[in-house]
Amino acid sequence: MGAEAVTTPHPAVLLVPFPAQGHVTPMLQLARALAAHGVAPTVAVPDFIHRRIAGACGGGVALASIPSGIVVPADAGDDTPPGFGAIVHAMEHHMPPHLERMLLAAAPRGGSRPVVACVVVDVLASWAVPVAARCGVPAAGFWPAMLASYRVVAAIPELIDRGLISESGTPISSDSDSDAHGGRMMAGLGILPAQVELRADELPWLVGDPATQRSRFAFWLQTLRRARGLRWVLVNSFPAESAGDDGGDDARQGPRVLPVGPALLPGSAAGGKPSCGNQHQGGGGGSSLWRADSSCMGWLDAQRAGSVVYVSFGSWVGSIGADKVRELALGLQATGRPFLWALRRDPSWRAGLPAGFADPGRGMGKVVDWAPQEDVLRHPAVGCYLTHCGWNSTLEAVRSGVRTLCYPVSGDQFINCAYITGAWGVGLRLRAMTRADVAAGVARVMDGELGARLRDKVRALRDRVVTAEARRAADRNVGAFVDDVRREGEGGRPPSLQAPTVQIYSVL
Ligand SMILES: O=c1ccn([C@@H]2O[C@H](COP(=O)(O)OP(=O)(O)O[C@H]3O[C@H](CO)[C@@H](O)[C@H](O)[C@H]3O)[C@@H](O)[C@H]2O)c(=O)[nH]1
């Protein structure tokens with residue numbers, strides 16, 4: 001960490017994201033919003049992320065590198081990020097002493113406490129919570145996804161107590177209609193609204209084969225234990241995610257929900273002065289882990305308004321498999337429409353692609369390694385987004401007023417999809433990854449009365465979420481959080497820190 005970042009008279013805040021694209025981007029946005037409120041933020045990322053985005057930040061946001069112990073084999077190329085297991089091992093066993101040294105080194109000469117006033121920890125990077133506690137620094141949590149998925153995960157202890165899931169997270173059901181069991185279980189406990197449809201096997205910790213599911217569930221139990229030590233949790237969502245949810249207090253979890261998300265958007269009062277450069281793309285604020293192919297924009301300029309299908313499955317879910325990649329390719333071809341497909345060059349992602357399919361100038365489509373996604377979604381030529389429903393992609397689609405065809409793959413994506421297709425009604429779910437379903441799904445989302453209705457609804461949702469008033473309200477809430485941190489740094493205990501409840505600020 002640069003010395004200037006911690007010896008400043010402004011309160012210093014250290015932010016620790018989980019090291020994946022969908023987590024680093026919103027954490028940098030949060031850092032920018034904090035900087036606009038007079039805080040000196042440093043975002044501390046593992047070395048393998050740091051070397052990709054180093055130089056992208058400046059101004060009010062500093063970037064620090066934490067040694068991860070992960071050695072990238074010389075022949076691996078720089079394209080494939082470490083897997084979940086390797087990341088968790090680094091976070092649990094290699095990174096803590098380095099972070100501890102970083103926090104203690106920030107202490108003023110002769111002082112007994114570090115000058116870092118607060119550590120903001122991505123909830124999925126809970127390894128940093130005990131480190132902060134050892135150093136006597138208060139910790140805030142950051143949940144980079146929907147409030148709804150936070151509620152579902154936070155309900156795990158209650159679900160176990162009530163015998164609704166096993167000690168290893170498997171749903172226990174006498175309900176013969178397993179298609180809707182997950183949603184009914186959550187609605188029954190008041191965790192999700194009734195219209196959110198979720199199958200029992202779509203709960204966020206049910207990822208992969210049974211062994212992976214057990215270890216993912218153990219990860220969540222450990223995360224929840226550590227989250228009890230958080231004084232705040234900042235949630236990356238917008239107010240009233242669903243109709244009937246006013247974003248107010250949640251008596252069950254004791255959170256106070258304050259929307260601050262719109263303050264993180266480029267052009268908002270707080271986020272308006274970008275302190276990160278723009279190395280790879282426009283909206284991402286220089287946080288892109290891969291270099292975006294800017295030829296996308298010229299290609300889009302040559303397409304008719306509202307005609308293009310944009311396809312991307314985010315950064316972190318892995319490949320959907322060779323058979324599905326092939327069906328998707330043939331389905332896109334069968335639509336007879338122009339399409340832009342962001343598909344990483346990694347052989348495991350591209351396996352299944354018909355020969356020559358990605359060749360430039362072939363057919364009506366364009367395949368790129370990595371797109372400048374926010375710019376793409378804002379382009380008037382884009383008429384539909386076929387998405388895995390990662391939360392950042394979901395927000396970006398809503399903010400750009402683009403209808404979605406949903407193909408959730410894992411984790412929180414099923415919940416996000418349920419909101420898109422149910423609670424908000426701004427997209428449809430792809431039934432199966434077959435060429436026929438892809439072609440039919442795209443036509444349903446883009447054509448006729450249904451297509452027009454989806455377009456109107458997503459634009460109405462955009463207008464509700466990205467208003468000047470929403471940004472101002474969010475900005476006030478960022479300010480409230482900063483005031484708490486300042487008072488804490490000055491030795492006073494802010495009123496909100498006296499209660500032993502978790503306080504949630506909602507951020508978009
Ligand atoms: O070609 C591309 C593809 C993606 N992106 C960006 O990458 C981010 C992807 O984020 P997200 O949609 O959240 O997907 P993941 O990276 O897969 O995110 C992980 O983290 C999210 C936040 O916790 C979860 O919601 C997801 O399920 C989880 O897979 C977005 O900002 C995109 O704009 C690009 O810039 N170019």
Side-chain angles (χ1 to χ4, degrees), residues 17-30 49 52-53 56 79 81 83-84 87 122-125 141-150 152-153 202 204-205 207-208 216 223 234-237 264-266 278-297 310-320 340-346 349 366-378 382 385-400 402 404 406-417 419-420 507-508:
F18 182 88
Q21 182 72 74
H23 295 248
V24 171
T25 299
M27 196 63 115
L28 281 165
Q29 289 166 342
L30 177 62
I49 298 280
R52 285 164 179 265
I53 60 174
D79 226 34
F84 187 76
I87 290 176
D122 187 320
V123 174
L124 271 81
F142 179 58
W143 180 256
M146 257 191 120
L147 177 59
S149 55
Y150 178 81
V152 170
V153 168
E202 293 177 339
W205 50 86
V207 173
R216 201 55 77 91
T223 298
L234 314 176
V235 180
N236 185 22
S237 188
L264 309 191
L265 297 174
N278 198 6
Q279 189 188 29
H280 294 309
Q281 70 171 82
S287 62
S288 189
L289 300 183
W290 293 273
R291 186 166 290 280
D293 186 334
S294 55
S295 70
C296 294
M297 303 316 289
Y310 172 59
V311 185
S312 137
F313 289 90
S315 66
W316 197 38
V317 291
S319 166
I320 54 172
L340 174 62
W341 187 357
L343 183 64
R344 296 235 308 278
R345 197 166 284 278
D346 183 318
W349 284 65
K366 182 174 175 68
V367 182
V368 297
D369 298 353
W370 189 252
Q373 181 165 303
E374 291 199 62
D375 295 340
V376 166
L377 287 170
R378 275 195 295 262
V382 173
Y385 175 20
L386 172 44
T387 174
H388 72 315
C389 304
W391 182 240
N392 295 282
S393 296
T394 301
L395 287 179
E396 290 159 14
V398 168
R399 291 199 300 250
S400 304
V402 175
T404 45
C406 302
Y407 190 72
V409 179
S410 74
D412 62 329
Q413 295 154 16
F414 297 101
I415 295 176
N416 303 338
C417 171
Y419 272 81
I420 292 171
V507 297
L508 171 60

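Counting starts at 1 for both ligands and their atoms, following the listed order. Each residue takes its place number in the sequence, starting with 1.
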Inset, instruction - Just let me know how Ala342 lines up against ligand 1, side chain, backbone, both or neither, with a heavy-atom cut-off below 4.0 Å. - result: side chain
Inset, instruction - Under 4.0 Å from a heavy atom of Ala371: give me the atoms of ligand 1 that qualify, with their elements. - result: 1 (O), 2 (C), 34 (C), 35 (O), 36 (N)
Inset, instruction - Check ligand 1 against Pro144 and write out every atom of the ligand that is under 4.0 Å from a heavy-atom position of the residue. - result: 23 (O)
Inset, instruction - Of the side chain and backbone of Ser312, name the one, both, or neither that has a heavy atom under 4.0 Å from an atom of ligand 1. - result: side chain
Legend entry - Thr25 and Gln29 side chains, donor-acceptor separation under 3.5 Å: no
Inset, instruction - Could you tell me which atoms of ligand 1, counted from 1 in the order shown, lie closer than 4.0 angstrom to a heavy atom of Trp391? - result: 13 (O), 24 (C), 25 (O)
Inset, instruction - Consider every N or O of Asp412 and every N or O of ligand 1, then say whether any pair is closer than 3.5 Å. - result: yes
Inset, instruction - Return a yes/no value for Asp369: is any of its N or O atoms, backbone included, closer than 3.5 angstrom to an N or O of ligand 1? - result: no
Inset, instruction - Answer yes or no: does an N/O atom from Thr25 fall short of 3.5 Å to an N/O atom of ligand 1? - result: no
Inset, instruction - Enter the distance from Glu396:CD to Arg378:CZ here, rounded to the nearest 0.5 Å. - result: 8.5 Å
Legend entry - CG-CG distance between Leu30 and Asn236, expressed to the nearest 0.5 angstrom: 8.5 Å
Inset, instruction - Just let me know how Asn392 lines up against ligand 1, side chain, backbone, both or neither, with a heavy-atom cut-off below 4.0 Å. - result: both
Inset, instruction - Enter the distance from His388:NE2 to Thr394:OG1 here, rounded to the nearest 0.5 Å. - result: 7.5 Å
Legend entry - Numbering as shown, the atoms of ligand 1 that approach His23 to under 4.0 Å (heavy-atom distance): 20 (O), 22 (C), 23 (O)
Inset, instruction - Check the side chains of Ser393 and Tyr385 for a donor-acceptor pair under 3.5 angstrom, ignoring hydrogens and angles. - result: yes
Inset, instruction - May I ask you to decide if the ring planes of Tyr150 and Trp143 are parallel, tilted or perpendicular, using 30° and 60° as cut-offs? - result: perpendicular
Inset, instruction - Any chance you could measure Asp122, atom CG, to Leu234, atom CG, to the nearest 0.5 Å? - result: 10.5 Å
Inset, instruction - Evaluate the ring planes of Phe18 and His23, with Trp represented by its six-membered ring, and classify them as parallel (under 30°), tilted (30 to 60°) or perpendicular (over 60°). - result: tilted
Legend entry - For atom 15 (P) of ligand 1, the option (of Gly390, Ala397, Ser315) bearing the nearest heavy atom: Ser315
Legend entry - For His388, atoms of ligand 1 separated by under 4.0 Å from a heavy atom: 12 (O), 14 (O), 15 (P), 17 (O)
Legend entry - Heteroatom proximity flag, Ser288 to ligand 1, N/O under 3.5 Å: no
Inset, instruction - Answer yes or no: does an N/O atom from Gln21 fall short of 3.5 Å to an N/O atom of ligand 1? - result: no
Legend entry - Heteroatom distance test (Thr394, ligand 1): nitrogen or oxygen, under 3.5 angstrom: no
Legend entry - Distance, nearest 0.5 Å, that separates CG of Asp412 from OH of Tyr419: 12.0 Å
Inset, instruction - May I ask you to check if ligand 1 and Ser410 share an N or O to N or O distance below 3.5 Å? - result: no
Legend entry - Passing option when Gln373 is tested against Ser288, Ser400, Ser312 for side chain to side chain donor-acceptor pair (under 3.5 Å): Ser312
